[in-house]
Amino acid sequence: SSDRVVWAMAAWEIYTYTGDRNWLESAYQIIRNSVNADARTIRDRKTGLMRGESSFLDWRKQTYPLWMEPADIYASLNLGTNAAHFRVLTILGKMAGELGESNEWTEQAEILRENINKYLWLPDKQYYGQYLYGHGYKTLSPRSEALGEAFCVLFDIASPEQRDAVMNHAPVLDFGIPCIYPQIPNLSSYHNNAIWPFVQAFWTLAAAKEKHAEMVNYGLASMLRQSALFLTNKENYVAGDGDFAGTVINSDRQLWSIAGQLAMTYRVLLGMEFEPGRLVFHPLIPENCQGTYFLDNFHYREGVYSISVDGFGDEISSFKIDGKEDGNHAIPASLTGDHSIVITMTGHINSTPVQLLKNYTAPETPVLSLEENRLSWTPVEKASGYELFRNGEMWQTISSTGIELGEPSGFSEYQVLAVDSQCVQSFKSNPVQVFPDLGQTVLQAESFNLKAEHAVKGFSGKGYVVFSKKNSAELHFSVRVPETGSYRLQFRYANGSGPMNTDNKCGVRSLYVNNNFVCSLVFPQRGKDEWSNWGLTNPENIDLVKGENTFVICFDPSNENMNGEINSFFLDQVMLVKTD
């Protein structure tokens, strides 16, 4: 999970509300250190985006194709997670300004914004794609991801034109905005085929920012309906019928949902936005929500406030502090004592209608295999055809479930997807690599400077090498290659420190090639105590020079995981194949 920095948003909110400088200094230091470590561990060298699973969508099979293991998910580049990292960089810039520190963060945020728009925007759909995924050749999933879409609007990642497009084209259903769209087949509702009230709240906040009153009305109705109908704030409910029955796991009085419901009053109907030196108001009240809203005994800094908002609209016509008109529409942080705030709305709204879609399920993902130079894949029910991809690019459209390739002359990577009669695509299949028999170099890790172990089964060669924090020795090896170029590097490894779907004992190490840091290597858990469960890391593309190349795998401070103590794995093989 690489979205741990999301707490920086709350840290900034606490400072803007309290003005606590000690808190600001402490939070700034922690967030800065985290961001610097993440720059080495999760920043993708090709795209400049941040790696890691979807923010909050952490039940892997609920939002990823089944062939993707944790190593593949680590290497994916998700919209919501990158939007969170962008916001953290902008917050670091604001914090640095408050503290008088040098500000390198705003420039980094702008670079990340450009990369999000370059790699994750879908011009044909007019919203952002879910994530880039694959092995060496990543492609963009065309599914929408509601939390990420909302973040891109809220945080100004999207341009004004893009924000308007997202608001009017991101898929919304009868009962609310779904976590993802279209749905994945043959899965129960949790993240897939589900609406989460806290996500709906962020979407409604984004709509309020854009003064899309009809979308705000839709969002308020979605949240009020479920809380009134169920007499509590549920965690999630089924996208297709709006009922909590049928979800895999649920809970009453769910804190994210309650916080989202409260935010609709504080941040939408009352329009509160905290800044370092003031509390600004910009309410948005849909016409059928018109009336007078009161908030009494509200404490802000050294003041206590009685606040009322009257009427409807997306603009303020009158803002009075203790009966005196104030054009700033804000409470200064320096104000003390008891005060009354009376806000009157203009009675004008943006009446852009909300376009609702019917819930839809995408085709099942094909399973691709290679046998004797023939690619074949499992047939998909209701598929009208298949699209075959080579090295990340669409290669052929085909109606059958197989194709002859012939003898390979070089490296190629293939994937296939199914398309239904409505032109809706499945996920791409598992990647299959094809290369000449002598195209791959396989090295046994135990053949170099660290001793071989034999305590578990399933290893190749004469053993494997144990990596742990207690045994922090570096692995040194060298590889002679016949020509300069780009090579794909993978490792066969085992990590039985914990289960695949939870815990925090991922193995992390640094890779140096020819005395230069190249990237962090990540060895995720593969099952609790399953040390004989061997798998592959995600591929890393590295540049090598003709002749001898030296490699070092070692533990750097940036390789600390969230567990802190257990950072272990077994290394069996090193695999290299030339890709260009």
Side-chain angles (χ1 to χ4, degrees), residues 1-2 44 49 51-81 119-120 122 125 128-146 148 178-194 239 248 360-370 375-383 385-395 401 413-420 423-433 490 500-501 522 524 526 535-539:
S1 296
S2 58
D44 182 67
L49 297 172
R51 295 177 170 186
E53 70 183 1
S54 309
S55 183
F56 114 87
L57 300 173
D58 56 356
W59 277 24
R60 281 73 184 267
K61 70 177 183 180
Q62 283 274 327
T63 44
Y64 292 89
L66 293 178
W67 61 263
M68 288 183 70
E69 294 190 354
D72 302 308
I73 294 171
Y74 153 73
S76 66
L77 306 161
N78 170 259
L79 175 66
T81 298
Y119 292 105
L120 299 178
L122 291 165
K125 293 186 177 294
Y128 292 89
Q130 182 182 17
Y131 47 62
L132 289 164
Y133 70 118
H135 277 174
Y137 302 94
K138 291 183 172 60
T139 51
L140 182 56
S141 167
R143 280 177 166 82
S144 72
E145 189 240 292
C179 293
I180 61 170
Y181 184 92
Q183 312 307 326
I184 303 172
N186 306 317
L187 290 177
S188 300
S189 295
Y190 185 62
H191 292 138
N192 182 67
N193 193 34
V248 179
Y360 198 88
T361 300
E364 196 167 356
T365 305
V367 178
L368 185 62
S369 59
L370 176 69
L375 280 176
S376 60
W377 50 92
T378 53
V380 174
E381 185 180 1
K382 297 181 180 179
Y386 302 91
E387 294 180 1
L388 189 60
F389 291 76
R390 179 182 177 186
N391 295 342
E393 301 293 332
M394 225 284 280
W395 185 44
T401 57
E413 181 178 274
Y414 294 93
Q415 288 179 280
V416 66
L417 60 78
V419 183
D420 69 12
C423 297
V424 175
Q425 299 176 339
S426 71
F427 282 124
K428 285 185 178 177
S429 72
N430 54 302
V432 169
Q433 291 81 39
Q490 277 186 285
M500 291 180 69
N501 62 342
V522 172
R526 296 186 57 80
L536 299 178
T537 61
N538 66 286

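Here the structure is a predicted model, which is why all the values come from computation and not from measurement. Because only heavy atoms are used, hydrogens play no part in the values below, and waters and symmetry mates are left out as well, while side chains stay in.
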- Message: Would you say that Phe427 contacts Leu66 through its side chain, given a criterion of any heavy-atom pair below 4.5 Å between the two side chains?
- Response: no

- Task: Decide yes or no for Glu413 and Val432: does some side-chain heavy atom of the first lie under 4.5 Å from some side-chain heavy atom of the second?
- Result: no

- Query: Taking atom CH2 of Trp377 and atom CG of Leu388, what is their separation to the nearest 0.5 Å?
  - Reply: 5.0 Å

- Task: Would you please indicate yes or no on a ring centroid separation below 6.0 angstrom for Tyr414 and Trp395?
- Result: yes

- Query: Is Trp67 reaching over with its side chain to a backbone N or O of Pro366, donor-acceptor style, under 3.5 angstrom?
  - Reply: no

- Message: Checking the side chain of Gln490 only, and the main-chain atoms of Thr537 only, is there a donor and an acceptor separated by less than 3.5 Å?
- Response: yes

- Query: Do Ser141 side-chain atoms and Gln130 backbone N/O form a donor-acceptor pair below 3.5 Å?
  - Reply: no

- Measure from NZ or CZ of Arg390 to the centre of the six-membered ring of Tyr137 and say whether it is under 6.0 Å with the direction within 45° of the ring axis. no

- Message: To the closest 0.5 Å, what do you measure between CG (Asn192) and CG (Leu57)?
- Response: 10.0 Å

- Query: Can you say whether the rings of Tyr64 and Tyr131 are parallel (under 30°), tilted (30 to 60°) or perpendicular (over 60°)?
  - Reply: parallel

- Does any non-hydrogen side-chain atom of Ile184 lie less than 4.5 Å from one of Arg143? yes

- Item | Any donor-acceptor pair under 3.5 Å from Ser429 side chain to Gln415 backbone | no

- Query: Is the shortest heavy-atom distance from the side chain of Leu122 to the side chain of Leu140 under 4.5 Å?
  - Reply: yes

- Task: Would you please test Asp58 and His191 for side chain to side chain contact (heavy atoms under 4.5 Å, CB included) and show each step?
- Result: CA-CA 9 Å; Asp58 56 356; His191 292 138; 3.5 Å; yes

- Side-chain H-bond candidate by donor/acceptor type, Asp420 with Tyr360, under 3.5 Å: yes

